[in-house]
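Every chain is numbered from 1 and lettered A, B, ... according to where its sequence line falls, protein lines coming before strand lines.
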Amino acid sequence: MRKESLQAWLLLLPALVLLVAFTHWPAATTIIDSFYTTPKGSRPPRFVGIENYADLMTDPVFWTALRNNAIYAVWTIPASVILALVMALAVNTAMPGRALVRMAYFTPTMLPMIAVANIWLFFYTPDYGLFDHILSWFGGGRHNWLGDRATALPAMIAVAVWKEAGFFMIFYLAALQAMPPDLKECAALEGSSRWNFFRRVTIPLLMPTTLFVLVNAVINAFRLVDHVVVMTRGGPDNATTLLLYYIYEAGFRFWDQALAATLTVVLLGLLGLLAWLQFGVLGKRVHYR
Amino acid sequence: MKVSTRFLEIIGAWMLAIIWVLPLLYALWTAFHPGEFATRFSLTAPLTLENFRNAWAAAPFARYFLNTTILVTLILVAQFIVCTPAAFAFARMEFAGRNVVFAIMLMQLMIMPDVLLVGNYRSMAKLGLVDTILAIALPYLGSAFGIFLLRQTFLTVPQQLDDAARLEGCTLLGRLWRVYVPLARPTYIAYGLVSVSYHWNNFLWPLVITNSVNTRPLTVGLSIFASTDQGIDWSIITAATLMTSAPLLVAFLLFQRQFVQSFMRAGIR
């Protein structure tokens with residue numbers, strides 16, 4: 001038995017070392033760094049307790065980033081998940097050109113977010129862009145979509161939804177195809193309406209998939225900021241600054257290590273809280289087959 | 001179900017599909033036509049490859065392609081080598097602390113390296129690895145997702161096969177290599193496709209850790225190309241954008257079924 005234990009640990013070792021070195025270790029050092037000042041030149045970091053957190057509480061950009069990220073998540077997550085379900089239901093039935101339609105939904109997923117951002121940047125361009133073009137047919141005027149505080153964040157949300165919905169569709173499609181067909185026959189015999197069947201049978205059976213998709217959607221809402229870097233750099237006036245983008249700015253544009261570390265700890269805390277909510281609260285209410 | 005509602009549903013599905021591909025079609029139009037047609041539609045507009053030629057000449061894209069290829073290959077091979085034995089240990093071996101270590105590992109599913117830019121940058125600086133392709137790859141090699149996925153697959157391998165191999169005198173690594181790995185082939189393909197497309201497209205960490213032509217992957221190269229001194233020549237920027245996404249996109253269109261099934265396989269369970 002002791003020999004097997006040793007063998008197991010040897011098999012685990014490379015993966016465990018890499019995992020701890022580049023996930024747990026940086027998480028730990030970041031927490032420690034958040035209690036110190038940023039080293040400047042020859043001045044070493046100084047322990048300041050929770051001062052960095054106190055500063056953060058009075059940092060208006062932090063609150064803007066938090067608010068933006070909340071709005072961004074509240075719109076992108078439901079929109080992409082519901083669209084994904086609609087898409088899956090659509091291509092799960094026999095219809096002309098089904099393969100083409102499915103391909104159309106899924107293709108944005110294969111593009112790098114950077115490429116997506118470049119393409120959409122062009123659409124949002126005042127005058128020349130696709131959106132102003134379409135508006136001009138209806139007599140609309142020029143609009144600076146990314147330069148206007150009111151439309152910049154919604155513009156980012158649209159990009160994210162376009163990119164993600166097709167990805168989540170795949171998982172719903174897999175779940176729909178795994179559903180036993182006799183359920184549908186039963187419901188038809190009982191004279192159940194389609195809407196009723198959808199609400200009482202399809203939705204509950206899809207709950208495990210929904211949980212999986214939700215976890216991914218939540219993670220992406222906080223992880224994916226590539227389009228912000230390319231399209232707006234957080235502007236105008238921080239209207240599109242998301243948390244991770246602010247971390248990137250603090251860490252690699254202002255080189256403010258203390259601020260970046262403190263922000264990272266807040267983001268980690270937030271992700272942890274969301275994970276607990278999803279698995280602890282929502283997870284209990286999901287019926288697994 | 002009435003025929004007319006069904007008809008409306010199909011129209012709806014098609015409308016959504018058209019909205020969804022419109023951005024891509026528009027990008028294709030812009031890239032393959034001369035600049036003056038970038039925002040003007042005309043059936044007589046001449047097709048051209050000039051935009052691609054200009055983009056290719058304006059930045060070291062060949063080098064970026066090479067960097068990304070090296071990066072993606074390095075990550076894929078290392079992930080397979082590192083995750084396979086770990087997954088096997090979790091699936092088929094008894095040892096003290098198994099559940100605790102498994103839980104610690106799974107934490108990475110929620111707290112991904114992408115979020116830990118600052119901490120990882122400091123580690124790379126200490127290791128003297130800043131601006132190397134290895135540094136881009138390192139945080140992703142011990143992949144909790146990969147270990148979890150392979151473990152789930154290894155658990156479905158019949159124990160009798162394992163026992164039979166053991167009776168034949170097969171060593172531990174021999175059994176792993178001859179019994180488990182071949183039976184998990186679909187999972188390896190699935191995981192490989194997910195990994196390659198993820199890292200081909202990854203941007204923020206490579207942006208932070210690289211600062212020279214010789215290490216930059218395509219995504220970072222493209223963002224620099226698009227943001228500097230190109231003015232607003234959308235035709236050339238769009239051509240470059242399509243060019244960098246092309247390998248993955250073409251592979252996807254050719255092997256659509258495998259891709260879709262792989263993403264499903266990687267997600268379900």
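- For B:Arg122, the part lying near chain A is the side chain, with the backbone staying farther off; criterion is any non-hydrogen pair under 4.5 Å.
- Heavy-atom distances place no part of B:Leu218 under 4.5 Å from chain A, backbone and side chain included.
- In this structure, no portion of B:Thr84 lies under 4.5 Å from any heavy atom of chain A.
- Heavy atoms closer than 4.5 Å to chain A are found nowhere in B:Tyr140, neither backbone nor side chain.
- Between A:Phe106 and A:Phe167, the distance from one ring center to the other does not fall under 6.0 angstrom.
- Shown here is A:Phe197, whose CZ atom has more than 12 heavy atoms of other residues, nucleotides or ligands within 6.0 Å.
- Within the 4.5 angstrom heavy-atom criterion, no atom of B:Ile18 approaches chain A.
- In this structure, chain A has a heavy atom under 4.5 Å from the side chain of B:Met112, while its backbone stays farther away.
- One finds the OH atom of B:Tyr180 at 4.0 Å from the CZ atom of B:Arg92 (value rounded to the nearest 0.5 Å).
- Both the backbone and the side chain of B:Phe203 come within contact range of chain A, with heavy atoms under 4.5 Å apart.
- Proximity to chain A is limited to the side chain of B:Ser197, based on heavy atoms less than 4.5 angstrom apart.
- Residues A:Leu270 and A:Leu243 have side chains in contact (heavy-atom distance under 4.5 Å, counting atoms from C-beta outward).
- Contacts of B:Ile111 with chain A are made by both backbone and side-chain atoms, with heavy-atom separations under 4.5 Å.
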